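Every chain is numbered from 1, with letters handed out A, B, ... down the list of sequences. Note that the coordinates shown come from a computational prediction; the quantities given were computed from them, not determined experimentally.
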Protein chains: 2
Amino acid sequence: MRLTTKGRYAVTAMLDLAMHGDGAPVSLSDISDRQGISLSYLEQLFSKLRQRSLVNSVRGPGGGYSLARIPDSISVAEIIEAVNESVDATNCAGVGDCQNGEMCLTHYLWEDLSNQIRLFLGDISLGKLIARRDITSICERQDTASGNRVTVQATT
Amino acid sequence: MRLTTKGRYAVTAMLDLAMHGDGAPVSLSDISDRQGISLSYLEQLFSKLRQRSLVNSVRGPGGGYSLARIPDSISVAEIIEAVNESVDATNCAGVGDCQNGEMCLTHYLWEDLSNQIRLFLGDISLGKLIARRDITSICERQDTASGNRVTVQATT
DNA sequence: TTAATTCCGACTATTTTAGTCAAGTATTAT
DNA sequence: ATAATACTTGACTAAAATAGTCGGAATTAA
């Protein structure tokens, strides 16, 4: 479980999807405009999100992505692990052969901690994140033709 | 809060310190031998750990590092943040000026999540990590002169 | 058909991670 | 005092991950 800005990008994009996907698919260029994430980078992320069946895609005009499940059933842990491909490189394996052929002590300790984090993040869903702050969110995007800037307003 | 192998190195080293520091300071070369982490890399990490007052150093022969506080009062969050210098680059700040001069919605959402993680990891101390698995740990190091390999044994 | 959109692969730049190396400083056993 | 030990510091390098770019496909609504 690696926790970097990459994961935040993915969570942010999925949150955007959850808040704007009223049945209709949302295009990546819309998300790119709203969240300020490069379109091509979003493509990379969503390629992985689709592989993990977290989103569905619709091609062609009017197409885009939509959540594969309801926001309450998609956890932050799933999203982060989808894009980070969890390179769980335990360095202790290659070092000294700990006795009994088992891995060394700290490996277990870290694995334990890692599981706790996974459990914790697995319990935070997109739905919870949205609901946590009772937000009157106005996250509308101006008509593209108008050339206006993104409008995002949040009232606590 | 960034969570990578770098943080695990630091936590591992601090755990080693907690388990071998019987009053006397522990040298980095000992930790390097036991945990298979490069000595110079450990020096970098401990330089930051010392700056954050998580460890004390004793110079000269027989010197080394020891925990600045008892294991129960040193949290995983502190250790990780000490070595990761928490580059909390929120990308939304530079994008579009969200209305009211406030930051955009997802920033708050992520900040919220980030705080929860910090809270969670802040509650896990070195002491708790060691106690979690009731371990009969034999983590002795052979005499240096003998040239023998590190002996690490853990019985569940 | 045309335009909008996802898909796909290769490519690049920047940053971080991980590690090395060398020269230095402080401490203390002898 | 002196030498050994061990920390301290800074510069350097290599590999990997992150972040982003580009060009071109395939698909499909209009």
Side-chain angles (χ1 to χ4, degrees), chain A residues 1-13 17 21 24-33 35-51 54-66 68 80-81 83-92 94-95 144-145, chain B residues 1-13 17 24-33 35-51 55-66 80 83-92 94-95 144-145:
Chain A
M1 167 73 64
R2 182 189 293 127
L3 195 49
T4 61
T5 55
K6 189 178 191 176
R8 194 184 62 227
Y9 273 18
V11 173
T12 298
L17 214 55
V26 178
S27 75
L28 290 190
S29 58
D30 278 3
I31 299 180
S32 173
D33 287 347
Q35 308 302 337
I37 305 173
S38 135
L39 175 61
S40 303
Y41 198 45
L42 278 176
E43 286 173 353
Q44 286 179 33
L45 298 179
F46 273 79
S47 166
K48 290 176 181 171
L49 293 173
R50 200 176 63 93
Q51 284 169 30
L54 293 178
V55 295
N56 293 325
S57 65
V58 177
R59 304 173 82 155
Y65 290 92
S66 56
I80 290 175
E81 282 178 350
V83 298
N84 276 350
E85 57 224 14
S86 71
V87 186
D88 189 47
T90 52
N91 76 318
C92 72
V95 178
T144 334
Chain B
M1 167 73 67
R2 181 188 293 124
L3 196 50
T4 62
T5 55
K6 189 178 191 175
R8 194 184 62 227
Y9 273 19
V11 173
T12 299
L17 214 55
V26 179
S27 75
L28 290 189
S29 58
D30 279 2
I31 299 179
S32 173
D33 286 347
Q35 308 302 336
I37 305 173
S38 136
L39 175 61
S40 302
Y41 198 45
L42 278 177
E43 286 172 350
Q44 287 179 33
L45 297 180
F46 272 79
S47 167
K48 291 176 181 172
L49 292 173
R50 202 176 63 92
Q51 284 168 31
V55 295
N56 293 323
S57 64
V58 176
R59 307 173 81 152
Y65 289 92
S66 56
I80 290 175
V83 298
N84 277 350
E85 56 225 17
S86 71
V87 186
D88 189 45
T90 52
N91 76 316
C92 72
V95 178
T144 334

Whole-Å distance between [N] [atom2] and [X] [atom1]?
X: A/Tyr65; N: C/dA4; atom1: OH; atom2: C1'; answer: 14 Å
X: A/Leu42; N: C/dT5; atom1: CG; atom2: C1'; answer: 14 Å
X: B/Asn56; N: D/dA6; atom1: CG; atom2: C1'; answer: 16 Å
X: A/Lys6; N: C/dT14; atom1: NZ; atom2: C1'; answer: 15 Å
X: A/Leu39; N: C/dT5; atom1: CG; atom2: C1'; answer: 10 Å
X: B/Ile31; N: D/dA6; atom1: CD1; atom2: P; answer: 13 Å
X: B/Ile37; N: C/dT17; atom1: CD1; atom2: P; answer: 15 Å
X: B/Leu49; N: D/dT8; atom1: CG; atom2: C1'; answer: 15 Å

Nearest-0.5 Å distance, CG of residue A/Asp30 to CG of residue A/Leu39: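 CG of A/Leu39 is found 10.5 Å from CG of A/Asp30.
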Interatomic spacing from CG in A/Leu45 to CG in A/Leu28 - rounded to 0.5 Å: 9.5 Å
Between [N] and [X], is there an OP1 or OP2 to side-chain N/O distance shorter than 4.0 Å?
X: A/Ser57; N: C/dC7; result: yes
X: B/Tyr9; N: C/dT17; result: no
X: A/Tyr41; N: C/dT14; result: no
X: A/Thr4; N: D/dT18; result: yes

Checking [X] now: which residues fulfil side chain to side chain contact (heavy atoms under 4.5 Å, CB included) with it, not counting sequence neighbours?
X: B/Arg50; result: B/Val55, B/Ser57, B/Tyr65
X: A/Gln44; result: A/Tyr41
X: A/Thr4; result: A/Arg2, A/Lys6, A/Asn84, B/Arg2, B/Thr4

What N/O pairs connect the protein and nucleotides 8-13 of chain C at under 3.5 Å? Give each pair on its own line.
{"from": "C/dC8", "atom 1": "N4", "to": "A/Glu43", "atom 2": "OE1", "distance (Å)": "3.2"}

Sugar-phosphate, base or nothing in reach of B/Leu28, heavy atoms under 4.0 Å: sugar-phosphate
Touch class at under 4.0 angstrom, heavy-atom based, for B/Phe46 against every strand present: nothing
A/Ser32 side-chain N/O to A/Ser38 backbone N/O, donor-acceptor pair under 3.5 Å: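 Not at all, since once roles are kept as given, no pair shorter than 3.5 Å links the two residues.
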B/Ser38 side chain, from C-beta outward: closest of D/dT18, C/dT5, C/dT20: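 Shortest atom-to-atom distance from the side chain points to C/dT20.
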Partner set under side chain to side chain donor-acceptor pair (under 3.5 Å) for A/Ser47, not counting sequence neighbours: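 Here the qualifying residues are A/Gln51.
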Could you list all N or O pairs between the protein and nucleotides 25-30 of chain D that sit under 3.5 Å apart?
{"from": "D/dA26", "atom 1": "N3", "to": "A/Arg59", "atom 2": "NH2", "distance (Å)": "3.2"}

B/Ser66 versus B/Pro25, closest heavy-atom pair with distance: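 Closest approach of B/Ser66 to B/Pro25, heavy atoms only: CB-CA, 4.4 Å.
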Heavy-atom side-chain proximity of B/Tyr9 to B/Val83 below 4.5 angstrom: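 Heavy-atom side-chain distance check fails, nothing below 4.5 Å.
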